[in-house]
Trainee: 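One structure, pasted below without further comment.
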Amino acid sequence: MKDAAPQPTLLADYTPYPFRIGGVDLTFRLAPKSTRVIARIDFAPNPDRPGRHDLRLHGEGLKLMSAKIDGRKVKPARDAEGLTVAAAALPEGAFTWEAEVEIAPARNTALEGLYMSNGMYCTQCEAEGFRKITFYPDRPDVMAPFRVRIESDLPVLLSNGNPVAQGEGWAEWHDPWPKPSYLFALVAGDLAAVSDSFTTRSGREVALNIWVRAGDEDRCAYAMDSLKRAMKWDEDVYGREYDLDVFNIVAVDDFNMGAMENKGLNIFNSRLVLASPETATDGDFERIESVIAHEYFHNWTGNRITCRDWFQLCLKEGLTVFRDQQFSAHMRSAAVKRIEDVLTLRARQFREDMGPLAHPVRPDRYIEINNFYTATVYEKGAEVIRMLKLLVGDEGYRKALDLYFERHDGQAATIEDWLKVFEDATGRDLAQFNRWYTDAGTPRLSVRETWQDGTYTLTFAQHTPPTPGQDEKPPRVIPIAVGLINPNGDEVVPTTLLEMTEAEQSFRFEGLASRPVPSILRGFSAPVVLERQADAAERAFLLAHDTDPFNRWEAGRALARDVLTGLIAEERAPAGEYVEALGRMLTDEGLDPAFRALCLRLPSEDDLAQALHDAGLTPDPDRIHAGREGLATQIARQLQKPLAAIFAQMETPPPYRPDAGPAGRRALRLACLGLLNRTDHGTRAAALFAQADNMTESAAALACLIDGGRGAREIGAFYERWQGNRLVIDKWFALQVAHAAPEMAAQVAARLSEHPDFEWKNPNRFRALLGALAANHAGFHHISGAAYRFYVDWLIRLDPVNPQTTARMTTAFETWTRYDGDRKSMIRAELERLAATPELSRDSFEMVSRILGADG
Ligand code: PHE
Ligand code: ZN
């Protein structure tokens, strides 16, 4: 792609489409290698774009069999991205476009457009996949009602909306709600349904179906239950009711992403639907609950109100992630959920924001939009809404959302529309707040404290480091939730929201009897890095006394991080105070077991690499690994007794239940096991593996055995038992690579890549192996460079087959500039090799250029 570098699309270039669509009629005659798609589309001039305009339709890889306008044959001008009918050849006013195209779903390995997965037809149209199905203005601001007729011998034929009629070999669907093409979906297959129903609060009866392959019906119960709870919650909390007679969910094995919110016909990666105690872990159940809810919530935030253009992606994704986070917090423990969300944010979004791929929550340019389904758009997008809610209060938030739905229902909206709704509903000026959408980078917040005559003053300074294409960053509004605690442990100032708007700003607290200990950024009230040095004693104090559960956990986390970075950088680790404090948490029966489990989890090696880099040091992956292992072993030795006691005490009685209560007990028990495993020669893990009746314990026990360099027999037994269950075999691949010793990781991955079950064209399987290698920090960055080479070999192989998944997986290298010269030059050579691949996809080209710093 060297000679014809793809051109970026710019937010500044937006113009409305010159036509509106009154209705779309589609007929599909399905056949694996020659599907016919017949489209009839009613166009009318768009009054927002006066004058006469060419008819421009997107279309890629389509064989055009015939095209007509108002019944007369036309010969449009074709190019690689679509076709054009000159304005002069168009009737004045409204007209009907008809086209018949041929496509080959069986040859579609990119899994975008209409494709096949195990004999089943399915579609994925977001962001720009509909143009691989038929010629169309494939942009989200063109919304239309769709009628769909599917002709096929397969027994189950589904599309969006409500079923209209069906007979031998055909079915018709009608979606009355105008929608953009990216929400179109079609499924045809030999599928079985698990059915239920939901009565909305206004009394509408909705049929619910989860469609799976025969034999998988007994693994749908949790997804169905989650769906019903999500439907009820959206009525109760947001006043949003479902709006069709049916809600269908289909599970497919080959899917690039997690799931997709197509109107009335959500399509899911099967790993986010299918679960039983024997095959899915507690983490899987939790993910299923949140993603089922997420996709359902899109019905209002995404579908009824959609995005004007793809730069506004966070309008639907940030909001919908925020809503699913709220939902999970209500279903489970809010404190634990918040900690988990912040862990993910830091691991994925902060990592992204600090490297060459940093971009604003609302980007203003892209080459390939598929590359912007990122942690920044999703997770930081959700944090921005969380801050907005803090600033305007719960009531203001609810008023603004009611106004948003009232004002923009049926529209394709922008971030400006979204902020205007908040301004109109609450009277607040959000001009400065808007910087959270337009400016990339994670702000750093430093704090100075003074204490004099009963007055305690906190002075904050904010600074955001430059990111690609953005050097100057004006100060942002930062909501800082603060509480103050007396040295005796009493809270003297309960949580107070400070609004920082300046580069540097002071806040005073008067009339205090003694100098307090501050608890800053409670609940992680803003996605910033708090740069505050504190000694171990103060952190231990907050770990014991903070009333804010997030900051309690954060204090322990900071203690662990300080100990570990000291150990890694200077080979000394005064860990005593930390381990003692940890011991007190561990045995505090007043604390939720899930919370205690989170406290036991040490920062990951990647987190530590980031922390060292932040401190101006060059992270050495071997020393990080050794340091972290060393501290874990020290904890295991020093806390051996309580760990063993809790391991025994936290056993959950059968039957297995996936709810937060028992899942939290298992999490604590298995965290204890992970530590005990360092000194007990694998005896507990082997026993647990032998007796476990659920995947949570089996997988954790197997991971422990592999960590200890054991488990060959158990690896074999696990495979024998689960051969044929794709989702469990994914785990089998991932566990072996993720837990391989650093010097072995590339070799283990290479050996497994030759296994007959390594179906590399399946994205889940590819990620199970290669994703696990990238997640094995010390293994991936082993100084031999073997893992880098192996990884890039596979990216080069996957790119022509599936560009989207290849491009996503290049992010394994997004932190490459952190490392030492030897590693950097090896990575650079590999990235350059990837960049030089002939015919490299636009997706991967953009990613590699940005990672290399050439900017896309
Ligand atoms: N819109 C989907 C979601 O977040 C994600 C997705 C994007 C799926 C692109 C497929 C393709 O719910
Ligand atoms: Zn989404």
Side-chain angles (χ1 to χ4, degrees), residues 108 110-115 117 122-133 138-140 160 179-187 223 226-227 230 234 247 249-273 287-307 309-328 341 344 348-349 361 363 366 368-382 385 412 763-764 767 802-808 843:
N108 180 351
L111 315 182
E112 198 184 33
L114 177 66
Y115 66 93
S117 172
C122 63
T123 54
Q124 174 50 48
C125 294
E126 189 178 3
E128 298 180 333
F130 193 72
R131 63 189 63 185
K132 297 181 168 183
I133 294 176
D138 191 12
R139 41 187 284 170
N160 313 89
K179 66 165 175 290
S181 51
Y182 82 87
L183 291 173
F184 169 82
L186 173 152
V187 168
S226 302
L227 174 61
D234 212 17
F247 188 75
I249 289 177
V250 181
V252 303
D253 291 331
D254 298 277
F255 202 74
N256 283 331
M257 306 277 277
M260 180 62 210
E261 70 263 24
N262 317 297
K263 182 79 186 189
L265 178 53
N266 286 0
I267 297 182
F268 272 65
N269 188 321
S270 51
R271 82 186 157 83
L272 291 165
V273 174
R287 279 289 288 157
I288 289 171
E289 177 179 81
S290 80
V291 179
I292 291 269
H294 178 98
E295 305 309 331
Y296 175 73
F297 295 157
H298 268 315
N299 191 56
W300 276 93
T301 51
N303 302 3
R304 290 283 288 256
I305 303 178
T306 192
C307 304
D309 53 67
W310 291 120
F311 297 104
Q312 321 296 327
L313 184 57
C314 64
L315 180 74
K316 74 178 178 80
E317 295 304 347
L319 176 54
T320 305
V321 170
F322 179 64
R323 276 151 51 72
D324 84 52
Q325 291 176 348
Q326 286 183 298
F327 170 75
S328 295
D341 289 343
T344 313
R348 298 188 42 229
Q349 201 277 326
V361 171
Y366 59 76
E368 171 52 65
I369 186 59
N370 283 331
N371 289 332
F372 284 82
Y373 287 77
T374 59
T376 296
V377 170
Y378 276 66
E379 270 75 32
K380 188 172 176 184
I385 293 172
N764 288 358
R767 282 189 289 256
N802 187 332
Q804 205 179 317
T805 291
T806 309
R808 295 207 124 230
D843 307 55

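For ligands, and for the atoms within them, numbers begin at 1 and follow the listed sequence. Please read these numbers as outputs of a predicted model, since none were measured by experiment.
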Trainee: Taking N764 as the fixed residue, which of N256, N269, T805 is the one that meets the side chain to side chain donor-acceptor pair (under 3.5 Å) rule?
Mentor: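 Between N764 and the candidates, side chain to side chain donor-acceptor pair (under 3.5 Å) is satisfied uniquely by N269.
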
Trainee: If you count only heavy atoms, which residues are under 4.0 Å from ligand 1?
Mentor: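 Lining ligand 1 at under 4.0 Å, by heavy atoms, one finds Q124, E126, M257, A259, M260, E261, H294, E295, H298, K316, E317, Y373, Y378.
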
Trainee: Can an N, O or S atom be found in E317 less than 2.8 Å away from the Zn ion (ligand 2)?
Mentor: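 Yes - counting backbone and side chain alike, E317 has an N, O or S atom under 2.8 Å.
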
Trainee: For I267 versus T123, what's the shortest heavy-atom pair and its separation?
Mentor: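 Reported closest heavy-atom pair: CD1-O, 3.5 Å.
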
Trainee: What I want to check is whether the side chains of S290 and S328 have a donor and an acceptor closer together than 3.5 Å.
Mentor: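 Per modelled atom types, S290 and S328 side chains form no pair under 3.5 Å.
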
Trainee: Angle subtended at the Zn ion (ligand 2) by NE2 of H298 and NE2 of H294, to 10 degrees?
Mentor: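 About 100° at the Zn ion (ligand 2).
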
Trainee: So, for A127 and Y373, which heavy atoms are closest and what is the spacing to 0.1 Å?
Mentor: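 Smallest interatomic distance, heavy atoms only, reads CB-OH, 3.4 Å.
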
Trainee: Sort out for me which residue in E128, E112, R808 forms a side chain to side chain donor-acceptor pair (under 3.5 Å) with N370.
Mentor: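 Of the listed options, the one satisfying the test is E112.
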
Trainee: I'd like to know if the side chain of D253 pairs up with that of S117 as donor and acceptor (distance under 3.5 Å, no hydrogens or angles considered).
Mentor: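 The answer is no; no qualifying pair exists.
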
Trainee: Apply side-chain hydrogen bond (donor to acceptor under 3.5 Å, both in side chains) to D324 and list each qualifying residue two or more places apart in sequence or on a separate chain.
Mentor: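 Partners of D324 under the side-chain hydrogen bond (donor to acceptor under 3.5 Å, both in side chains) test: H294.
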
